[in-house]
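Below is one structure, written out as structure tokens, with a few remarks after it.
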Amino acid sequence: MQKTVLKNYAKLLARVGLNVQKGQEVIITAEADDQPEFVAFCAEECYRAGASKVRVEWTSQKISRLGALYRSEEVMSEVQPWQEEKLRCEIRNLPARLYLESEDPDGMSGIDAEKYARALQARQKVIKPYRDKMENKYQWCIAAVPGRNWAKKVFPKESAAGAEEKLWRAILSASRSLEGNPIANWQAHNRDLESRCAYLNSLGLRTLEYKSSNGTDLRVGLMREGVFAGGGERTLSGVFFNPNIPSEEVFTSPRRGEAEGIVYSTKPLSYQGQLIRNFSVRFEAGRVTEVHASQGEAVLKKIVGMDEGAAYLGECALVPYRSPIRESRVLFYNTLFDENAACHLALGRGFTNCVRGYENMSDEQLRLLGVNDSMVHVDFMIGNDDLEITGISAEGARVPVFRNGNWAF
Ligand code: ZN
């Protein structure tokens with residue numbers, strides 16, 4: 001891939017994704033084996049944007065896999081005092097965080113998924129209170145770069161170099177960074193998403209009704225105080241940033257306890273390196289009561305059982321069938337992309353910033369309004385070409401939101 005294109009993409013991530021502020025620290029998380037040159041472009045663009053310090057946290061899926069294979073559950077569950085100190089330090093400094101994804105979707109195969117999930121759960125218990133203290137206070141951005149195995153998974157017939165080049169093109173095209181000026185492209189895209197949110201928020205919807213010929217027949221309750229959001233968001237101190245690049249969705253946090261019916265997945269779900277295929281989820285009074293999958297049913301059950309809130313919905317996201325990512329016809333095997341190719345729901349944690357006036361509410365008030373809480377947030381795709389979504393207002397007025405898989409307005 002051309003260096004100028006990659007530098008423009010790095011600039012997009014620093015300026016629009018993170019919107020690095022003068023004097024702010026930045027932490028970049030990236031796989032050590034993938035695109036180190038691009039990581040350096042990102043670091044440079046963050047400095048150019050005014051970062052006081054850029055630190056890279058190199059990760060290695062291979063080493064993580066070995067850790068999952070060989071370590072005891074006890075060791076895997078530990079959070080060391082220095083790790084807690086690091087979190088306290090982040091709460092004080094609020095660095096912007098860039099996550100560059102490139103993992104192999106099958107890269108954790110063969111591990112004991114139960115053990116892995118239990119250890120994650122144990123660590124999350126310690127980490128979550130720290131994370132809660134940082135929520136909505138710093139800018140973060142998840143974006144992607146090609147990893148060798150990931151590229152081969154997406155383009156199995158290509159050579160290693162050919163697959164990498166094709167995946168770069170697919171990532172950059174989906175991220176509106178292959179043509180034109182990526183920053184201008186994103187300004188226009190953010191405006192479009194903003195106007196759709198404004199319309200939806202003017203309707204006072206209390207229910208979303210999903211129907212599709214694949215059997216999906218689901219009603220999800222919305223909070224009276226809830227809002228639809230999309231594209232960029234703001235930190236509590238008012239800094240605008242784009243947490244996901246790409247992002248095509250308009251989303252809200254549904255009201256916990258109000259979901260009835262069944263929904264069918266329309267894409268496989270890759271969870272921690274394990275695939276779940278052709279699954280359905282049934283809800284009663286907001287809670288998952290039944291799941292089935294042709295592959296990975298045990299993993300899906302494990303997700304739902306991670307904690308109390310994992311069996312409730314945390315997100316309803318609207319993505320037109322005519323999205324650039326779906327139209328690329330590339331199955332990325334990565335949620336950042338595949339979730340932007342289709343309407344989706346998420347199990348687990350909801351978004352506190354999808355509540356009007358959340359800035360002045362306590363966590364407890366937000367929970368009472370219906371924002372779900374959990375240590376997990378797992379998206380799964382339910383959109384297809386005949387999905388109909390109808391919004392229902394408090395007065396019972398029915399408003400078409402999606403028809404034939406696309407925006408009805
Ligand atoms: Zn989403």
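First listed ligand is number 1; within each ligand, the first listed atom is number 1.
Within His344, the N/O/S atom positioned nearest the Zn ion (ligand 1) carries the name NE2. Glu249 contributes atom OE1 as its closest N/O/S atom to the Zn ion (ligand 1).
You'll find the ring centres of Phe351 and His377 inside the 6.0 Å limit.
Atoms CG and CG, from Asn181 and Leu12 in turn, are 9.0 Å apart once rounded to the nearest 0.5 Å.
With a cut-off of 2.8 Å, the Zn ion (ligand 1) has an N, O or S atom of Glu315 in range.
Proximity of a side-chain donor or acceptor of Asn340 to a complementary backbone N or O of Pro246 within less than 3.5 Å is detected.
Defined by atom type and a distance below 3.5 Å, a donor-acceptor pair is missing between the side-chain atoms of His189 and Gln187.
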